[in-house]
Number of protein chains: 2
Amino acid sequence: MKAKTADDCCPPANDEPDLRPAEGREADEELATLAKALGHPARVQIVRLLVRKTACVCGDIVDELPLAQSTVSQHLKVLKEAGLIRGEVDGPRVCYCIEPRALRRLKVLVAGV
Amino acid sequence: MKAKTADDCCPPANDEPDLRPAEGREADEELATLAKALGHPARVQIVRLLVRKTACVCGDIVDELPLAQSTVSQHLKVLKEAGLIRGEVDGPRVCYCIEPRALRRLKVLVAGV
DNA sequence: CGCCTTCATCGTGTTATTACGATTAGTCGA
DNA sequence: TCGACTAATCGTAATAACACGATGAAGGCG
């Protein structure tokens, strides 16, 4: 069995520029989706946590938040569905990390408002 | 009676730097609040509209959106409560414009994630 | 094999969001 | 003063968000 490392789940900093437009109806919906995902303090905290640790943290995210495990799991799901984070199964635990592309996209969209 | 102009309601581009911290629990909540306000396509559209028109647009925002007047009014309220826009009564109509300070704050917070 | 750990999912209750039409409260012009 | 116009608010309904405990699935260890 191969040992899993951060590289197994954290994308290696894709530097390709994003060609999608920064405005228009589609950009509006994209921005709304991403902003909505960030629209809760717990999720902001989670994203920050995952950004800080350049390697990906696992479910000890739960220990960092004053919320029940199931609630944290739900927030992680919201972030994942918005494309902001990714979760990779690693044995009995799950390794989460940010999706740098999506975060960058969010920054571009917000900056472009 | 003095004639109202854009300057009556649109703040004149306050350039003072924002001294509040860009992270921490308070920043998280602030970011969450602002992001949540932007977390709907209609509100993204409204904000963009108000940014485009450097002068402030009035309730013809309603004409730009495929929504009922009452619904738009509600979205405006959400944005106002988040501090992102301001509304000044000008005769029988209301003049809305962005709060540049808040928008700048949002950009700083997002960029700082 | 059983057991423990880790995490997702389910079920539930509460509250918030979204949308609409109808109503109300101003302001202006005739 | 009387309408016309603008925009907020109310009432209502449907859906979504949030949080929790309980349950379930999947992997590793003794």
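Naming: A, B, ... by sequence-line order, numbering from 1 per chain.
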key: Spacing of Q74(B) atom CD relative to dT17(C) atom P, expressed in whole Å   = 10 Å

task = Answer yes or no: is there an ion pair linking R48(B) with D28(A), defined by an N-O contact shorter than 4.0 Å?
result = yes

ask   = When you measure from the side chain of L67(A), which nucleotide among dA8(C), dA19(C), dA19(D) comes out closest?
value = dA19(D)

ask   = Just how far, in rounded Å, is C1' of dT6(D) from CG of L76(B)?
value = 13 Å

query = Is any side-chain N or O of Q69(A) under 3.5 Å from a base N or O of dA8(C), one able to act as donor and the other as acceptor?
reply = yes

query = Got a sec: does the CD of E29(A) have more than 12 other heavy atoms crowding it under 6.0 Å?
reply = yes

query = S70(B) side chain: which of dA17(D), dT9(D), dA19(C) is closest?
reply = dT9(D)

request  = Salt-bridge test for R52(A) and E23(B): reply yes if a basic N is under 4.0 Å from a carboxylate O, no otherwise.
outcome  = yes

request  = Let me know the distance between CG of D63(B) and C1' of dC5(D), rounded to the nearest Å.
outcome  = 13 Å

message = Under 4.0 Å between a side-chain nitrogen and a carboxylate oxygen: does that hold for R20(B) and E26(B)?
response = no

remark   = Checking K80(A), R105(A), R86(A) against E99(A) for salt bridge (Lys or Arg N to Asp or Glu O under 4.0 Å), the one that qualifies is R86(A)

ask   = Please give, in whole Å, the distance from dA16(C) C1' to H40(B) NE2?
value = 13 Å

task = Among dT9(C), dC20(C), dA17(D), find the nucleotide with the atom closest to the side chain of A68(B).
result = dC20(C)

ask   = Among dT6(D), dA8(C), dG27(D), which nucleotide sits nearest the side chain of P92(A)?
value = dG27(D)

Nearest-Å distance for atom pair CG/P, residues D60(B) and dA7(D) = 7 Å

ask   = dA8(D) C1' sits how many Å from D90(B) CG, rounded?
value = 16 Å

Among dA19(D), dC18(D), dT9(C), the nucleotide that comes nearest once only the side chain of K77(A) is considered = dT9(C)

query = Has Y96(B) got a side-chain N or O lying under 4.0 Å from the OP1 or OP2 atom of dA8(D)?
reply = yes

key: Nearest-neighbour nucleotide for the V94(A) side chain, dC20(D), dT17(C), dA8(C) considered   = dA8(C)

query = Checking all strands, does K80(B) fall into the base, sugar-phosphate, or nothing category for heavy-atom contacts under 4.0 angstrom?
reply = nothing

